[in-house]
Amino acid sequence: MINILNKCKINRTGYTLAEALITLGIIGVVAAMTIPTLISKIQNLQYATAYRKAFSSLNQAIRLMQNDGYDIDLSDHGAVFRPEGPIGDNFKILSTYFTGATTCFEHNANKCWECSKGQSGQGNISSGGRGCRIEMPAFMDASGMQYYLYAASEWPIIIDVNGFSKPNELGKDRYVVRFANSKNKDSIYPAEVDSIIPYKDIISKQRWCPSGDCPNTSRLFEGAGHFNSVKTDLDGDNSSWK
C-alpha cells in the first residue's frame with residue numbers, strides 16, 4: 001500500500017518527456033525571436049559609441065587647426081569642386097591631427113577605405129550606394145576608424161567606425177558628416193568653417209541611405225544620456241540640429 005502511494009506521488013510531481021521537450025521548444029522559439037534583436041541593439045550601441053568618438057575627434061581636430069591659424073574658407077565655389085581645392089586640402093590637414101593616422105592621398109583610397117564591398121554614397125539605390133572613387137583622399141586613425149572624402153558637390157566626409165569590418169553600410173557603421181559653421185549650419189559652403197556637423201537623419205531609401213533609416217544625427221544621442229554629454233552641441237541650442 002505504501003509503495004502504491006509513493007508511485008502516485010511521483011506521478012503527480014514529475015514531468016513527462018513530451019512536456020520537457022515542449023518547454024525546451026518554446027524556450028528555443030523565444031530565444032530565436034529575441035536574440036537577433038538583442039544582438040542588433042548591442043551592435044547599434046557599439047556603433048553609436050564609436051561614432052560619437054569619431055565625431056568628437058573630428059571637431060577637436062578642427063579646433064586645433066583654428067588654434068594653429070588655419071582659416072577654412074569654402075565660399076569660393078569654383079575652387080571647392082575638386083579634391084585639390086580647399087575641402088580636399090583641409091581634409092588632408094585634418095588628418096595630421098590624428099595621432100598615428102594612416103593616410104591614403106595618392107589615388108589609393110582603397111587602402112584606407114572599403115571601396116568595393118561598402119556603401120559610399122556614389123551611384124544610386126540599385127548600386128547599393130557603392131562605387132567609391134579611389135582617387136579621393138581617405139585616412140584611417142590608430143584605432144582603425146576610417147574617414148573618406150566623398151567626391152561631389154556636397155563634399156561630405158563619410159566615417160566608418162569599424163574600418164574594413166562588415167557591414168560597411170550607411171546608417172549602420174557608416175555615417176555622413178560635413179564641414180560647417182556652427183552659427184549657420186544651413187550654409188553648405190561657409191566662409192568660416194569651425195565645426196563638423198552630421199547630415200540629417202535619412203529615412204527614405206536614396207543615394208545616402210540605400211537601405212533606408214540612416215540615423216546620422218540621432219545616433220549621436222543613442223546611449224549617451226543627453227546631447228551635451230558628448231559635447232557636440234556647438235552653439236548651445238539643440239533645437240537647431242537637423
Side-chain angles (χ1 to χ4, degrees), residues 36-59 87 91 109 112-133 136 138-141 143-180 182 185-188 195-227 229-230 232-234 238-242:
T37 301
L38 180 61
I39 291 174
S40 178
K41 287 183 177 180
I42 292 173
Q43 286 179 335
N44 285 339
L45 286 174
Q46 291 174 336
Y47 294 153
T49 300
Y51 178 33
R52 289 195 296 273
K53 180 180 178 181
F55 189 80
S56 177
S57 296
L58 285 170
N59 276 287
I87 291 184
F91 178 81
C112 296
W113 183 260
E114 180 53 68
C115 279
S116 60
K117 298 180 180 179
Q119 296 176 349
S120 301
Q122 195 78 30
N124 50 39
I125 297 175
S126 63
S127 68
R130 293 183 172 85
C132 82
R133 296 168 54 184
M136 295 309 299
F139 68 89
M140 183 166 54
D141 67 21
S143 70
M145 292 189 194
Q146 299 174 338
Y147 306 81
Y148 169 78
L149 185 62
Y150 178 79
S153 58
E154 306 104 312
W155 289 93
I157 299 170
I158 308 179
I159 304 168
D160 190 316
V161 298
N162 64 345
F164 289 108
S165 299
K166 296 180 178 180
N168 298 318
E169 294 181 14
L170 292 161
K172 291 188 177 179
D173 59 338
R174 288 188 170 181
Y175 305 94
V176 186
V177 299
R178 64 180 177 85
F179 291 103
S182 60
K185 294 171 185 169
D186 290 331
S187 175
I188 302 297
S195 61
I196 298 289
I197 68 171
Y199 260 50
K200 64 182 179 180
D201 289 343
I202 301 173
I203 304 302
S204 60
K205 293 182 180 181
Q206 53 155 287
R207 177 165 54 92
W208 287 120
C209 190
S211 303
D213 189 20
C214 297
N216 292 304
T217 300
S218 61
R219 190 56 65 83
L220 290 171
F221 295 87
E222 190 172 338
H226 54 81
F227 204 42
S229 68
V230 292
T232 49
D233 182 13
L234 300 171
N238 295 335
S239 63
S240 64
W241 285 88
K242 298 182 178 181

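In this text the structure is predicted, and so the values were computed from the model without any measurement. Along the sequence shown, residues carry numbers from 1.
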Closest non-hydrogen atom pair between I196 and F55, with its separation
O-CZ, 3.3 Å
Student check: side-chain heavy atoms of Y47 and P167 closer than 4.5 Å
yes
Where do Y150 and M136 land on the side-chain contact (heavy atoms from CB on, under 4.5 Å) test, with the steps shown first?
CA-CA 7 Å; Y150 178 79; M136 295 309 299; over 6 Å; no
Side chain N162, main chain K166, donor-acceptor under 3.5 Å:
yes
With rounding to the nearest 0.5 angstrom, report the SG to CG distance, C209 to D201.
9.5 Å
Check the pair N216, V177 against side-chain contact (heavy atoms from CB on, under 4.5 Å), reporting the backbone distance first and the verdict last.
CA-CA 8 Å; N216 292 304; V177 299; over 6 Å; no
Just so I know, are the side chains of T49 and K53 near enough to count as touching, which here means a heavy-atom distance under 4.5 Å?
no
S211: side chain to side chain contact (heavy atoms under 4.5 Å, CB included) partners, not counting sequence neighbours:
Q119, E169
Please round to the nearest 0.5 Å and tell me the distance separating atom CG of D160 and atom OH of Y147.
10.0 Å
Residues which pass side chain to side chain donor-acceptor pair (under 3.5 Å) with Y175, listed by chain and number, not counting sequence neighbours:
R219
From CA spacing to verdict: side-chain contact (heavy atoms from CB on, under 4.5 Å), N59, S195
CA-CA 6 Å; N59 276 287; S195 61; 3.6 Å; yes
In terms of heavy-atom contacts, G163 and N168 come closest through O-OD1, 3.0 Å
Can you find a heavy atom in the side chain of F164 that is under 4.5 Å from one in the side chain of Q146?
yes
Rounded to the nearest 0.5 Å, what separates atom OG1 in T217 from atom NZ in K200?
10.0 Å
CG of L170 to CD1 of I159, rounded to nearest 0.5 Å, is 11.5 Å
Contacts of S165 meeting side chain to side chain donor-acceptor pair (under 3.5 Å) (sequence neighbours excluded), chain-then-number -> none
Minimal heavy-atom distance between C214 and W208, with the atoms involved, is SG-O, 3.9 Å
Which heavy atom in I158 sits nearest to a heavy atom in R174, and how many Å separate them?
CG2-CB, 4.3 Å
Value for OG (S120) from CD (Q122), rounded to nearest 0.5 Å, stands at 8.5 Å
Taking all non-hydrogen atoms of both residues into account, name the closest pair between S143 and D141 and its distance.
OG-OD1, 2.7 Å
Measure across R133 and Y148 and return the closest heavy-atom pair with its distance rounded to 0.1 Å.
N-OH, 2.9 Å
Between W155 and I188, is a side-chain contact (heavy atoms from CB on, under 4.5 Å) present by the stated rule, with each step listed?
CA-CA 9 Å; W155 289 93; I188 302 297; over 6 Å; no
Worked verdict on F91 versus F139 for ring-ring contact (aromatic ring centres under 6.0 Å, His included):
CA-CA 9 Å; F91 178 81; F139 68 89; 5.2 Å; yes
